[in-house]
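Labels below follow one simple rule: chain letters A, B, ... track the order of the sequence lines, proteins then strands, and each chain is numbered from 1. All figures in this text were calculated on a predicted structure; none of them were measured in a lab.
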Amino acid sequence: MISKEEIDKIMQTEGQVKGVVFQTDREYVKNHFGYEKLKLVEQKLADWGHPLVYDKIQALEWLPAGMRALSLLAVKEALELKDEDIRNMGAQAPKFSFIIRTLLGFFMSIEKIVKTSPEVWQRHWTAGQIVPEQINEKSITLRIENLNLHPLFCKYEEGYFERIMQFVKPESKVREVKCAFKGDPYHEYEVSWK
Amino acid sequence: MTEPELELFELENYIKDIWRFLPVPILYLNPLGMIIDAGEMASALFNLPKEEIIGTRLRNYFDSPEAIVSQEQESEKAGMALSREAVLKRGAPVSISILARKDEAGELIGFFVSLTDLTDIKTFQRHLEEKNKQLETFNAVAVGREIKMIALEKEVNGLLVELGREAKYG
C-alpha cells in the first residue's frame with residue numbers, strides 16, 4: 001500500500017504527460033476486468049486525493065507527470081495485481097492506443113527507432129528524455145533520463161518498449177539493466193533480439 | 001487544447017468511427033507486414049479480438065504465407081494488388097486486395113488490406129455447378145430420348161406405308 005508521503009513525492013515530479021497514456025490504462029482495465037473495476041481504480045485515486053475520470057480524458061490533453069505513476073499504482077492496488085501484471089499492461093498499451101499505432105508507422109526499422117524515438121517521446125512527455133543507442137546489430141539500449149516516477153513505472157515501460165520493438169523485431173526482449181531507484185544515474189533498458 | 005489539437009482530436013474520432021463502421025474486414029499493416037490496426041469485421045473474420053490481431057503478421061493467418069508476401073510486394077511496386085484469392089488457415093476462402101501507402105518521398109509507409117470472405121459465394125457456386133451438372137445430364141437423357149422417339153416414329157411410318165396404310169406420325 002502506498003503511503004501519503006510517497007504519493008506527495010510522486011506528484012512533485014515536474015512535467016506533464018499526454019492523456020492518451022491514461023486512455024490505454026482505461027482500455028486495459030475495461031477489456032481485462034470490466035468497466036466496474038475501472039470505477040474501483042478511480043475510487044482509489046480519489047481516496048488518494050488525485051481524482052481522475054478516465055472517460056473524460058482527451059488523448060491530447062496534458063496531465064501532471066506524477067499522475068502517470070499514480071494511475072499505474074491505483075490499477076495495481078485496486079485490482080490487487082502483481083508487478084508482472086503491470087508489465088503486461090505496458091505490453092498491451094500499443095494495441096489500445098490509436099495514436100501510438102499511428103506513430104508505429106514511423107518505426108519500420110531499428111535505425112528509424114533510434115532516430116525518431118526522442119521526438120516521439122516529446123510528443124507524449126514534457127518531462128525527461130529518451131536516448132536510444134544502437135549497440136550492435138542485435139541490440140539497442142533505451143535510456144530514460146531525468147524522469148524518476150516510481151519503480152512500477154519502470155516495469156510498465158519494460159513491457160511497453162518490448163511490445164513497440166516487437167512491431168519491428170517480433171522476437172525482441174527488453175529488460176531494465178540500470179535503474180535510478182537502485183542508485184544508477186538514469187533508467188536504461190536493453191533491447192535484444194536473435 | 002489548442003485549435004490544432006482540437007482539430008486533431010476530432011480527426012482522431014472521425015477515423016475511429018470509420019474503423020468501427022467498416023462493414024468489410026479491413027486491416028492496416030506496417031511495411032513489415034505487421035498488423036497495426038484492424039476494423040471490427042476483421043475480428044469477426046479471424047475469430048479473434050482486435051487486440052490479439054494487432055502485432056501479428058497478416059501472412060501467418062494463411063495457408064500459403066508466401067502468396068501474401070508476394071501480393072504485398074506487388075502492391076508496393078504497382079500501388080495496389082486487387083482481388084487475389086487465398087485460403088485462411090481455418091479453411092475459409094477469401095479475396096484479398098492490398099493498397100500500398102507511400103510518403104512524399106515515395107517510401108513505403110504501410111498497407112491497407114481488405115478481405116472478403118468467399119465462403120458463402122463458393123458454397124453457392126458449388127451448388128450451382130452441381131445443379132448445372134444435373135441439368136446437363138437430364139438434358140442429354142431428354143435429347144437422346146427425343147432422338148430415339150423420332151427414329152421410332154420414322155420406322156413406324158415406314159412400316160405402315162409398306163403395309164399400304166397411311167403414315168401415322170407427321
Tell me whether [X] at atom [atom1] has more than 12 heavy atoms from other residues, nucleotides or ligands lying less than 6.0 Å away.
X      : atom1 : value
A:E14  : CD    : no
B:E166 : CD    : no
B:K16  : NZ    : yes
B:F124 : CZ    : no
B:K50  : NZ    : yes

Can you tell me how far the OG1 atom of B:T56 sits from the NZ atom of A:K95, to the nearest 0.5 Å?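 If I round to the nearest 0.5 Å, the distance is 7.0 Å.
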Looking at side-chain heavy atoms only, is the closest gap between B:I35 and A:F167 below 4.5 Å? no
Tell me, side chain or backbone of B:R101 under 4.5 Å from chain A's heavy atoms, or both, or neither?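 Neither part, no heavy atoms under 4.5 Å.
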Is B:I15 close to chain A through its backbone or its side chain, or both, or neither, when contacts mean heavy atoms under 4.5 Å?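 Side chain only.
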Heavy atoms only: give me the nearest A:V168-B:M34 pair and the separation to one decimal. N-CE, 4.4 Å
